[in-house]
Amino acid sequence: MNTDENRLRLTILGGFLGAGKSTWLRHQLFVKTYDNPHVIVNEVATHAVDDTLLAGARELDVLAGGCVCCDQMDEMIALLHRICNDRSRKQDGPQTRQLVFEMSGVADPGKVVAAIQDDPVLARHIVLDEIIVVVDALHGLEQLKSEALARAQIEAADRIIIAKTDSCQQPALANLVATLHQINSTPDFRACAFGVEEALPDLPDVAPVGLPKLEGKEDQEPLTSLPLNLDDFSSQGDIWVGFSIWLSAMLHTHGDRLVRVKGVVRTPTGRLLLQSVRKVMQAPERMPAVQDRGARSSDNTVVLIGRGLDHELIKASLHKTVKKTQT
């Protein structure tokens, strides 16, 4: 790897939808793992949420509304050109030396690296340090069975962070680790809980799980995203009760097709971060007080990402549930 200190050091952070990338990165920013990083966040949804969580970045840019592997590729290249140009023109004061690129859950790190290396300007200014891929301990094995993209992400990894290990039984974790090793035997493997890394526990020696042949993600129904601004669903103020009832029903009914839910919601007790992966809803997290200085553009917006979602039907059902709870 080129060690030219004048080039921007790039860390790519990948992982399937809901793996825990933002939670891991937020902790790294808090403990200052990176030196005043410039963070780039790619969101498939048109409404970005993760930027709300990453206040520890020196600079932050968001590419929303599509994956950088396809829809947002030109925008990604243009943004990286701007960052490099701004850095070259800046003569005085501290300069950003570290880029951290949190990709969307449906992006292939290998394609991003290839695009940067194929651009003569970016190849001269940016050097890849590491590709880190976060894997969900609870859902990672099922994703590897059904999602060709999840396998491609693992194949590209230099380091694999297995998140939510505190909620996973050791036999299941052993099966996952063995299967990951079968796909990519070279990375450094670490465990992670709430963004804090630790060594993997001693695991039993098991055989990897057999994975079916997958032709590619183009053979699957495409993922679509639906941002829901909760302020649009009631003129009577707080809708937390109705929304929580509705979301619970949605996850129970459509959990297998509803791949990811994420958003920051205003409630009577403060702003809460809501996250789910398929049918599993994580415990709501109170946002830090430092982030409560007034409303943010992403407040009270929840993004749903899934397959075969009827957007109009979903909105109508939320309207109906909220109305019932307010009458």
Side-chain angles (χ1 to χ4, degrees), residues 16-19 21-22 41-53 62-67 70-72 75 104-107 139 143 146-147 217 220-287 294-327:
F16 203 71
L17 291 164
K21 299 183 292 296
S22 296
V41 177
N42 176 216
E43 289 264 21
V44 171
T46 55
H47 193 102
V49 173
D50 285 348
D51 58 317
T52 306
L53 312 178
V62 178
L63 293 168
C67 174
C70 42
D71 300 332
Q72 293 284 310
E75 289 80 358
S104 78
V106 293
H139 301 93
Q143 291 164 353
S146 61
E147 304 284 351
K217 65 177 182 178
Q220 297 178 315
E221 194 172 358
L223 287 167
T224 60
S225 65
L226 172 60
L228 298 172
N229 186 332
L230 302 187
D231 292 332
D232 295 337
F233 289 84
S234 175
S235 60
Q236 300 180 37
D238 175 49
I239 67 168
W240 171 244
V241 173
F243 171 74
S244 58
I245 293 172
W246 173 85
L247 182 58
S248 177
M250 281 289 295
L251 292 173
H252 178 74
T253 305
H254 303 291
D256 291 333
R257 300 177 70 80
L258 194 57
V259 177
R260 187 78 165 104
V261 175
K262 190 169 189 176
V264 176
V265 179
R266 293 192 298 270
T267 77
T269 60
R271 296 165 65 242
L272 295 182
L273 170 64
L274 303 181
Q275 299 192 75
S276 77
V277 182
R278 300 194 188 274
K279 292 184 178 181
V280 178
M281 189 76 192
Q282 298 180 31
E285 178 183 351
R286 180 78 61 84
M287 298 299 291
R296 292 175 178 265
S297 60
S298 56
D299 278 0
N300 245 26
T301 295
V302 175
V303 177
L304 278 57
I305 300 176
R307 290 189 169 92
L309 303 180
D310 187 322
H311 292 194
E312 294 307 315
L313 187 60
I314 288 173
K315 292 177 182 178
S317 69
L318 178 54
H319 270 295
K320 183 177 180 179
T321 304
V322 169
K323 185 176 180 180
K324 282 184 177 180
T325 61
Q326 292 184 334
T327 55

Novice: Tell me, with the steps shown, if Phe233 and Leu228 meet side chain to side chain contact (heavy atoms under 4.5 Å, CB included).
Specialist: CA-CA 9 Å; Phe233 289 84; Leu228 298 172; 3.9 Å; yes

Novice: Quick one, Lys262 and Leu274 - any side-chain contact, counting heavy atoms below 4.5 Å?
Specialist: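 They are not in side-chain contact.
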
Novice: Atom CG of Leu230 and atom OG1 of Thr267: how far apart are they, to the nearest 0.5 Å?
Specialist: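 Reported value, rounded in 0.5 Å steps: 11.5 Å.
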
Novice: Has the side chain of Asn42 got a donor or acceptor atom that lies under 3.5 Å from a matching backbone atom of Gly66?
Specialist: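 Yes; judged by distance alone, with no hydrogens or angles, the pair exists.
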
Novice: Given Trp246 and Ile314, is the side chain to side chain contact (heavy atoms under 4.5 Å, CB included) satisfied, shown in steps?
Specialist: CA-CA 10 Å; Trp246 173 85; Ile314 288 173; 3.5 Å; yes

Novice: The test is side chain to side chain contact (heavy atoms under 4.5 Å, CB included); show your working for Ile239 and Asn300 and say whether it passes.
Specialist: CA-CA 10 Å; Ile239 67 168; Asn300 245 26; 5.6 Å; no

Novice: Looking at every heavy atom in both Thr301 and Pro227, which two are closest together, and how far apart are they?
Specialist: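 The pair with the smallest heavy-atom distance is CG2-CB, 4.4 Å.
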
Novice: Could you give the distance from NE2 (His319) to OG (Ser317), rounded to the nearest 0.5 Å?
Specialist: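 Atom-to-atom, His319:NE2 and Ser317:OG are 9.5 Å apart.
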
Novice: Could you measure the distance from the NE2 atom of His139 to the CG atom of Leu17? Nearest 0.5 Å is fine.
Specialist: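 Between atom NE2 of His139 and atom CG of Leu17 there are 12.0 Å.
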
Novice: Show your working on side chain to side chain contact (heavy atoms under 4.5 Å, CB included) between Asp231 and Arg266 and close with a plain yes or no.
Specialist: CA-CA 10 Å; Asp231 292 332; Arg266 293 192 298 270; 2.9 Å; yes

Novice: Does the side chain of Ser225 come within less than 4.5 Å of Glu43's, by heavy atoms?
Specialist: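 No; the side chains remain at least 4.5 Å from each other.
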
Novice: Rounded to the nearest 0.5 Å, what separates atom CG in Asn229 from atom CG in Asp299?
Specialist: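 Interatomic distance, Asn229 CG to Asp299 CG, rounded to 0.5 Å: 10.0 Å.
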
Novice: State the CG-CZ distance between Asp310 and Arg257, to the nearest 0.5 angstrom.
Specialist: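 Going from the CG atom of Asp310 to the CZ atom of Arg257 covers 11.0 Å.
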
Novice: Please round to the nearest 0.5 Å and tell me the distance separating atom CG of Leu63 and atom CG of Asp71.
Specialist: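 The CG atom of Asp71 is 11.5 Å from CG of Leu63, to the nearest 0.5 Å.
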
Novice: How far apart are the closest heavy atoms of Cys67 and Ser104, and which atoms are they?
Specialist: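 That closest heavy-atom pairing would be SG-OG, 3.9 Å.
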
Novice: Counting N and O atoms only, with roles assigned by atom type, does the side chain of Arg260 sit under 3.5 Å from a partner on the main chain of Ser276, one being a donor and the other an acceptor?
Specialist: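 Yes, Arg260 side chain to Ser276 backbone: donor-acceptor pair under 3.5 Å.
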
Novice: Please find the pair of heavy atoms, one from Phe243 and one from Val322, that lie closest to each other, and give the distance.
Specialist: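 Smallest interatomic distance, heavy atoms only, reads N-CG2, 4.4 Å.
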
Novice: Sequence neighbours left out, what passes ring pair (Phe, Tyr, Trp, His ring centres under 6.0 Å) with His311? Give chain and number order.
Specialist: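 Expected list: none.
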
Novice: Could you tell me which non-hydrogen atom of Thr325 sits nearest to which non-hydrogen atom of Gly242, and how far apart they are?
Specialist: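 Minimum heavy-atom contact is OG1-CA, 3.4 Å.
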
Novice: Ring pair (Phe, Tyr, Trp, His ring centres under 6.0 Å) with Phe16: which residues, sequence neighbours excluded?
Specialist: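 Per chain and number, Phe16 pairs via ring pair (Phe, Tyr, Trp, His ring centres under 6.0 Å) with no residue.
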
Novice: Can Asp232 and Lys315 be counted as an ion pair, charged N to O under 4.0 angstrom?
Specialist: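 No, no charged N to carboxylate O under 4.0 Å.
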
